[in-house]
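Quick note: residue numbers are just sequence positions, from 1. Please read all numbers here as calculations on a predicted model, not as lab measurements. Only heavy atoms go into these numbers, but all of them, side chains included; no hydrogens, no water, no symmetry mates.
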Amino acid sequence: MKKLLLGVVLLIALVFAMPLVLSDFGINLATEIYIMAIFAMSLGLIMGYAGMVSLGHAGFFGIGAYTVAVIGQHVANTYLLLLLSVVISGLIALVTGAVFIRTSKFYFLMITLAFGQLLYVLFWQLKPWTGGADGMSVSAVMNFGFGEIVSPNALYYVMGIAFVMSYFLLYLFVGSPAGKITRGVMENEARMSALGYNVRVYKLLVYTLSGSLAGLAGALYAYFNVFVSPDLSSWMFSGQVMVMVIIGGVGTLLGPALGASVFVYLQNFMSTYTERWPMIMGGLLVALVLAGKGGLIHWLQHGRRFLVFRKQTGEAVSQQPVKKGEAVH
C-alpha cells in the first residue's frame with residue numbers, strides 16, 4: 001500500500017509541476033496525452049491481464065464521446081454526463097462481452113473488429129442525432145459546480161487528475177483477488193477452471209471494467225476536443241491504441257500510458273517536421289517486437305536492473321580482501 005501511495009503522490013506531483021515548464025501548446029498536448037493514456041490503459045488491462053486482444057475497443061470510446069455530445073444537448077450536469085458515459089459503455093461491454101468471451105484468440109479479435117465497425121456504421125447512419133459523416137460539435141461545457149472549465153490549464157488539471165484516479169483504480173483491481181485470478185486465467189485457463197473458478201465470469205468482469213474506462217476516456221475527449229465524429233469508433237483508431245499499448249509495454253499499468261505519450265508526441269510534434277512520422281512509429285514498433293524485450297517500460301526496467309547489478313558487482317569486487325603478495329606486487 002505504501003508503494004501505491006508513493007506512486008500516486010509522484011504522479012500528482014508530476015501533473016501539477018508540468019505546467020510550470022510547458023508552453024500553451026505543450027499543455028494542450030499533455031491534456032490529450034492524459035486522455036489517450038486512460039484509453040490505452042483500458043485496452044492494456046484486457047490485453048496484458050486477461051489475454052484478450054480487441055480491435056473494436058474504440059467503439060466504447062466513441063460511445064462515451066457521443067453520450068456527452070448527444071445527451072449534453074439536453075442535460076448540462078457534468079457529473080451525470082460522465083456517469084452516463086461510464087454506465088452506458090459498461091452495460092454495452094457487459095452485454096456484448098457475454099457473447100465475445102465465448103470465443104478466443106483470433107476469433108475474439110475478429111468479432112470485436114466487427115463490433116467496432118458496427119458502431120462506426122451506426123454513428124455514420126444516424127445523421128439526425130450524430131451528424132453522420134460530418135460529425136457534431138459538443139455543446140456541453142464541463143462544470144463541476146465551481147464554474148465552467150474552458151481554459152487550457154483548467155482542462156489540463158481535470159484530465160491529469162482523471163488519469164491519476166484511473167491508474168489508482170486499475171492498480172487496486174490488478175492487486176485484488178479478482179485481478180490475480182484474472183491473470184491466472186490468462187496464463188492457464190484450463191488449470192483455473194479445474195480449480196473451480198468460473199473463468200468466464202472473471203473475463204467478463206475485466207472486459208466490462210475496460211469498456212467503462214474507455215467510455216470515460218471518450219467522454220473526457222468530447223469535452224476536450226468539443227467535436228466528435230464516427231472516426232472515434234473506427235478500427236483504425238482501435239489499431240492506434242493497440243500500438244500505444246505494445247510500444248509502452250503489455251502487462252504493465254504505466255506502459256500503455258507511456259506508449260500513448262510517445263504516440264501522441266510523434267503524431268503532433270514530429271508531424272510538423274515530416275509527414276513520414278508513421279514510419280518512425282512503425283520502425284520503433286518493429287524494433288521493440290524483434291528485440292523481444294517487451295515495450296519501453298520493460299526496457300527501462302531492464303536498464304534499471306542492469307545498473308543495479310553493475311553497482312552491486314562493483315561493490316562486491318571493491319570489498320574483496322587483497323592478499324599481501326598482490327598488494328606488494
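- Criterion: ILVMFWY side-chain heavy atoms under 4.5 Å apart, direct or through other members. Under it, F25 and M36 are part of a common hydrophobic cluster.
- Between the CG atom in L209 and the CG atom in L170 there is a gap of 6.0 Å [rounded to 0.5 Å].
- S54 contributes no side-chain N or O that, together with a main-chain N or O of T112, makes up a donor-acceptor pair within less than 3.5 Å.
- The closest donor-acceptor contact from the side chain of N225 to the backbone of Y221 lies at 3.5 Å or more, if one exists at all.
- Two residues are said to be in side-chain contact when any heavy atoms from C-beta on lie closer than 4.5 Å; F168 and V164 fail this criterion.
- Of all non-hydrogen atoms in G59 and S233, the two that sit nearest each other are CA-CB, 4.0 Å.
- In this structure, the side chains of Y156 and V15 come closer than 4.5 Å at one or more pairs of heavy atoms.
- Here Y49 and F173 keep their ring centres 6.0 angstrom or further from each other.
- Within the 4.5 Å cutoff, no side-chain heavy atoms of M47 are placed close to those of M52.
- In this structure, I71 CD1 and L84 CG are separated by 5.0 Å, a value rounded to the nearest 0.5 Å.
- At least one side-chain heavy atom of L220 sits less than 4.5 Å from a side-chain heavy atom of L82.
- Using a distance-only test at 3.5 Å, with no hydrogens or angles considered, a donor-acceptor pair links the side chain of T130 to the main chain of F123.
- For V141 against T78, the heavy-atom pair with the smallest separation is O-OG1, 3.6 Å.
- The CE atom of M18 sits 8.5 Å away from atom CG of L29, with the distance rounded to the nearest 0.5 Å.
- The closest side-chain heavy-atom distance from I35 to F224 is below 4.5 Å.
- The distance from the CD1 atom of I247 to the CG atom of L258 is 9.5 Å, given to the nearest 0.5 Å.
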List the steps, then state whether side-chain contact (heavy atoms from CB on, under 4.5 Å) holds for T182 with K203.
CA-CA 7 Å; T182 303; K203 292 172 71 173; 5.8 Å; no
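- L169 and L253 fall within the same hydrophobic cluster, where Ile, Leu, Val, Met, Phe, Trp and Tyr residues are linked whenever their side-chain heavy atoms come under 4.5 Å apart, directly or through other members.
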Could you check N28 against L155 for side-chain contact (heavy atoms from CB on, under 4.5 Å), going step by step and ending with a plain yes or no?
CA-CA 9 Å; N28 285 326; L155 284 172; over 6 Å; no
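- Y79 contributes a side-chain N or O that, together with a main-chain N or O of F144, makes up a donor-acceptor pair within less than 3.5 Å.
- Less than 6.0 angstrom separates the ring centroid of F237 from the ring centroid of F39.
- The hydrophobic clustering, which links ILVMFWY residues whose side-chain heavy atoms are closer than 4.5 Å, places L43 and V243 together.
- When every heavy atom of F227 is checked against every heavy atom of D134, the shortest pair comes out as CZ-O, 3.1 Å.
- Listed here is the closest heavy atom pair of A178 and L205: CB-CD2, 4.1 Å.
- In the hydrophobic cluster analysis, where Ile, Leu, Val, Met, Phe, Trp and Tyr join through side-chain heavy atoms closer than 4.5 angstrom, V199 is grouped apart from M186.
- A continuous path of ILVMFWY side-chain contacts below 4.5 Å connects L109 to I101, so both sit in one hydrophobic cluster.
- Residues L122 and L118 are not in side-chain contact: their nearest non-hydrogen atoms beyond the backbone lie 4.5 Å or more apart.
- For the atom pair CG (L254) and OG (S261), the distance works out to 9.5 Å, reported to the nearest 0.5 Å.
- L94 places a side-chain heavy atom less than 4.5 Å from the side chain of L204.
- Closest heavy-atom contact between I38 and A217: CG2-CB, 4.0 Å.
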Take M236 and D231 through the test side-chain contact (heavy atoms from CB on, under 4.5 Å) and record every step on the way to the result.
CA-CA 8 Å; M236 292 185 64; D231 292 336; over 6 Å; no
Run the side-chain contact (heavy atoms from CB on, under 4.5 Å) test on V121 and Q125 for me, step by step, so that the C-alpha distance in whole Å, both residues' side-chain angles and the decisive distance to 0.1 Å come before the verdict.
CA-CA 6 Å; V121 173; Q125 294 295 331; 3.9 Å; yes
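- Checking side-chain atoms of S89 against main-chain N and O of V86 turns up no donor-acceptor pair under 3.5 Å.
- Once rounded to the nearest 0.5 Å, the distance linking OG of S151 with CG of D24 reads 10.5 Å.
- Nearest heavy atom pair, residue A58 against residue S234, reads CB-O, 3.6 Å.
- Considering only heavy atoms from C-beta on, L232 stays 4.5 Å or farther from Y120 through its side chain.
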Give the C-alpha distance, both sets of side-chain angles, the deciding distance and a yes or no for side chain to side chain donor-acceptor pair (under 3.5 Å) between S210 and H57.
CA-CA 9 Å; S210 175; H57 208 62; 3.1 Å; yes
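- Here the side chain of Q73 pairs no donor or acceptor atom with the backbone of S139 at under 3.5 angstrom.
- Between F100 and F115, the ring-plane angle classifies as perpendicular under the 30° and 60° cut-offs.
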